[in-house]
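Numbers restart at 1 for each chain; the letters A, B, ... are given by sequence-line order, proteins then strands.
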2 protein chains.
Amino acid sequence: MTRLTIKEISKLANVSVSTVSRVLNDKSDVNEETKRKVLRIIDQYGYIPNSNAKHLKQICSNIICIIVKGMQNMFLEPIVEEMQSQINKTKYISLIYFIDENESEVDVAYRLITEKKPVGIIFLGGSPSLKADMYKDMEVPCIFATMSAEGMNLDNVSSVCIDDKAAAKKAVDYLFEMGHRDIAILGGRLLDKDSIFKRFMGAMESYREHGEEFNEKLFIQSKFTYDEAYAAVDRSLQPDQPKYTAIFAMSDIMAIGAAKAIFENGQSVPDDISIIGFDGIALTQYYNPTLATIKQPSVDIAHKSVDLLIQNIENKKTAHNIVLGTELIKGESIKCMLCR
Amino acid sequence: MTRLTIKEISKLANVSVSTVSRVLNDKSDVNEETKRKVLRIIDQYGYIPNSNAKHLKQICSNIICIIVKGMQNMFLEPIVEEMQSQINKTKYISLIYFIDENESEVDVAYRLITEKKPVGIIFLGGSPSLKADMYKDMEVPCIFATMSAEGMNLDNVSSVCIDDKAAAKKAVDYLFEMGHRDIAILGGRLLDKDSIFKRFMGAMESYREHGEEFNEKLFIQSKFTYDEAYAAVDRSLQPDQPKYTAIFAMSDIMAIGAAKAIFENGQSVPDDISIIGFDGIALTQYYNPTLATIKQPSVDIAHKSVDLLIQNIENKKTAHNIVLGTELIKGESIKCMLCR
DNA sequence: ATGAAAGCGCTAACAA
DNA sequence: TTGTTAGCGCTTTCAT
């Protein structure tokens, strides 16, 4: 298998390489007829331009890179797909990279900038709070999707996310409304400033507003996986641990892990313990019992991210942080303690 | 932000570009001391080679590409991750591409071959049964993971998969053993030769062996999503449709969609209808009730695929089709009709 | 063991 | 509107 080059195509079409290049890049200054001729040859021989050569030379492309942190994240995947389809409706081209939880998105971004010369980058997932100046150095318009860039004060970085604190508060408020008083919080490690921390603060605020004191032992820490949530909740169900009648889980996956622990301890969801999740993945509606959750506006996040990025690319507009609302989805996983 | 080039590094290190290039590619014929010096400069200035330029010139790399069909596939994701970690233990480098359900993996492979010059390609998911000669043209060792290359007779294409027919038969056999007689089959479109078809044939064989006739109306067709499975099963539960006491679903996701339809019709899993899934994703153990399933050996598929590919790359061994066994995982989703 | 120099396939001035 | 040509940053002969 040996592929054709632009030179060979140009010979075949009886034009110069630059003319072929112009056709390839849809430049305006090329005769309609010549264009058609070249296009025909290209099609006929199944020519595909070598993108290495293209990007090696080209200063600026119409590529938008999406860097997704976490491959196995059911919440992010629909967002990626929506972003991709949005971008594909425009003149821009989307390029998606999945990176590992412990890879640095900034490093990947840097590599991508030299390799693909993108005009914009969307960072989806993760929590790149630190290393602010590295983003500035990139000089490429960036969007943080699902995480805030507030306070970073970089004029090439915008963000589209939810108000994590308010959303978490909404979840816990709902549990209080349903008559629960001992509400456990199932979440990740509390690091200053990130979403997890904000969600925790939201829960605390709800506790405060309802005049209840939070027993610190009711914070159950775990990673965002079924297994870890299961194990952590299982431990919290031991006789020596404080009792609770409801759990606010910081992700739906965690909520499902928690539910299994509850079942295996011979208890029922929601009769013994109610659960509310977070994110609003499709599975919540297919789980048994259906899982109450705080639904993040995935589609909106995707659309707003793409729109904002393109605006920033084209108008060189200044950075902007968009905060979107969440929706409380009720479900069978919550029992009302007040209803007789 | 402006990145260093090999030329600048060479100046900084007081050597020629070719020497830097040699160091970069770990060639043997370079003085240890020179090498250290260059490496130090590279590290100090955080130099990253431009991969476009590299691949533009380079004939052969140590890159293995993994082309994954279907981004939102909970069954494939752990396999990808395992492959990646396996490859990273060797001298090879993994490059992962997620493609859409309706993109052509062959086209992507072709593009990748010119762009990245991979020494091998793994195709994960999908069903590239047709277009056999296009694979031959690639001349690069390929592995089909989770689908068979049997009968394609290409000496650069090997495969690692399960025996879909036997696995499906095992599932339906189990339902028969549990005393079920009217077993519905929930699957995708039946296209000659692909996994779905083989699974269907396996189910038919089980029916035959158990001396039962299969009522064609018990084949419930749907795509491999919660929604579609839910809708299809919901329709099959209408009063005018034939009754059944068990479902064999061709994927765990379908099984969960089916379960919801059953719940919403006021019936129980497994008291009214038993369900067995396929694939063995983690969720089956976290679902309520736990879902019986046919577990594909994901880790093994990943390992064998990588091993076989590397063997083929290094020894130019002839193609080989590996068939791995599956495991029946029992679960609460199945009721024994014989036990009193 | 190292350097000089010729491209890899393409884009983007610059000329025509 | 089209052609000519000089690189983009790297690898790889071929000298030395």
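Taking atom CG of B:Asp26 as the reference point, atom P of C:dA1 lies 14 Å away to the nearest angstrom. Distance A:Arg36 CZ to D:dT2 P: 12 Å, rounded to the nearest Å. Taking atom CD of A:Glu115 as the reference point, atom P of D:dC10 lies 11 Å away to the nearest angstrom. If you measure from atom NZ of B:Lys7 to atom C1' of D:dC10, you get 12 Å, rounded to the nearest angstrom. For the pair A:Lys116 NZ and C:dT11 P, the computed distance is 13 Å after rounding to whole Å. What separates CG of B:Asn14 from P of C:dA1 is a distance of 20 Å, to the nearest Å. Atom pair B:Tyr45:OH and D:dG9:C1' shows a separation of 19 Å (rounding to whole Å applied). For the pair A:Ile42 CD1 and C:dC10 P, the computed distance is 10 Å after rounding to whole Å.
The residue among B:Val15 and B:Ala53 whose nearest nucleotide of DNA chain C lies closer to the 5′ end is B:Val15.
Residue contacts shown for A:Asn52 are absent, as no nucleic acid heavy atom lies under 4.0 Å away. Within 4.0 Å of B:Val20, counting heavy atoms only, lies no atom of the nucleic acid at all. Within 4.0 Å of A:Lys35, counting heavy atoms only, lies no atom of the nucleic acid at all. Heavy atoms of A:Thr5 sit under 4.0 angstrom from primed sugar atoms or phosphate atoms, though from no base atom. As judged by a 4.0 angstrom heavy-atom cut-off over every strand, B:Thr34 is placed among residues touching the sugar-phosphate backbone only.
Across D:dG9, C:dG9, D:dT11, the shortest atom-to-atom separation from the side chain of A:Asn50 is found for C:dG9. For A:Asn25, taking side-chain heavy atoms from C-beta onward, the closest of the listed nucleotides C:dT11, C:dC10, D:dT11 is C:dT11. Among C:dG9, D:dT2, C:dC10, the nucleotide with an atom closest to any side-chain atom of A:Leu56 is C:dG9.
OP1 and OP2 of D:dG9 both lie 4.0 Å or more from every side-chain N or O belonging to B:Tyr47. Close to D:dT2, at under 4.0 Å from its OP1 or OP2, lies no side-chain N or O of A:Thr19.
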Write out a two-atom table: protein N or O, nucleotide N or O from nucleotides 4-6 of chain C, distance below 3.5 Å.
unit_1: C:dA4; atom_1: N6; unit_2: B:Ser18; atom_2: OG; d: 3.1

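A 4.5 Å side-chain heavy-atom check between B:Tyr97 and B:Ile66 finds every atom pair outside the cut-off. When side chains are defined from C-beta on, A:Ile48 does not count as touching A:Ile42, because their heavy atoms never get closer than 4.5 Å. A:Ser158 is not listed as a side-chain neighbour of A:Ile322, based on a closest heavy-atom distance of 4.5 Å or more. At a threshold of 4.5 Å between non-hydrogen side-chain atoms, the residues B:Val68 and B:Ile99 do not count as touching. B:Ile67 is not listed as a side-chain neighbour of B:Leu124, based on a closest heavy-atom distance of 4.5 Å or more.
The end-to-end axis angle of the helix from C:dA1-D:dT16 to C:dA16-D:dT1, rounded to 10 degrees and based on five pairs per end, is 30°.
Each side-chain hydrogen bond (donor to acceptor under 3.5 Å, both in side chains) pair with one or both residues in residues 4-20 of chain A, not counting sequence neighbours, appears once here: A:Thr5-A:Glu8, A:Ser16-A:Ser18, A:Ser16-A:Thr19.
Of the possible polar contacts, none joining the B:Asn156 side chain to the B:Cys142 backbone as a donor-acceptor pair under 3.5 Å is found.
Nearest heavy-atom pair across A:Ser159 and A:Ala149 is OG-N, 3.1 Å.
In B:Lys35, the NZ atom is crowded: over 12 heavy atoms of neighbouring residues, nucleotides or ligands sit closer than 6.0 Å.
Here A:Phe144 and A:Tyr135 bring their ring centres to under 6.0 angstrom of each other.
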